[in-house]
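Counting convention: from 1, in listed order, for ligands and their atoms alike.
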Amino acid sequence: MARILLIEDEPGMQRGLRDNLEFEGHEVAVAGDGSSGCQKLLRESFDLVILDVMLPQMSGFDIVRKAREKGIRTPILMLTAKGEEIDKVLGLELGADDYVTKPFGLRELIARVNALLRRAMPFGSADTTMKLGNVAVNFAAHSGSKDGKKFSMTAREFEILKYLWQHRNATVSRDDLLTNVWGHSESVTTRTVDNFILKIRQKIEDDFTHPEIILTIHGTGYKLIA
Ligand code: CA
């Protein structure tokens, strides 16, 4: 099962795709315009994005460009209109992984989706395992090891590390972490975030006083280097 973000403004297309993807066993989040779709993509984690080109407020091209700039590597399947050859070329250049031309058969689309997911998730899920040098973490199983020796982490520590891993090589602000790991409702401060990062570093870094995996980006937040 994969978590798929569908950004499509046409209600009939939206419903048809969602129903079929859910029938295939996937979890589907839907956005009906470009800007809310882009926000969802930047804030939540997905295994695949199905992205229409022509959208109100923000085009599919702008969304691909923005997501890739932010370091989001989620596979993107673009829906282009018939005869618009330029669309698919531009989409792929901007960082989309594949495209399907409208009108398309559902079977074809599902096949493309499954192919992309297989490529991205060869071991079941792209972002549920992290392997970095001598450190291995399985987020789904809440287990981690360094140099083959197991270490334990709290659920919250796993969540933070997973978020950094899913946004690896991009700067993640303390506010991003507060919003996405803790949620808005809880009253925690950015200091709390720093304390959690310290605990994670003590487990995964060779020398936590000179971190090489989770770097501090001064004045902003953190960046996981992979
Ligand atoms: Ca459209």
Looking only at N, O or S atoms, find the one in D9 nearest to the Ca ion (ligand 1) and name it.
OD1
Taking the Ca ion (ligand 1) as the reference point, name the nearest N/O/S atom of D52.
OD2
Using the side chain to side chain donor-acceptor pair (under 3.5 Å) rule, take T179 and R174 through it: C-alpha gap first, then chi angles, then the decisive distance, then the call.
CA-CA 9 Å; T179 305; R174 290 178 177 83; over 6 Å; no
Expected output: side-chain W182 to main-chain R156 donor-acceptor under 3.5 Å:
no
Can an N, O or S atom be found in M13 less than 3.0 Å away from the Ca ion (ligand 1)?
no
Could you check whether S173 and D175, counting side-chain N and O atoms only, form a donor-acceptor pair closer than 3.5 Å?
no
Tell me whether the guanidinium CZ or amine NZ of K199 lies under 6.0 angstrom from the six-membered ring centre of F196 and within 45° of its axis.
yes
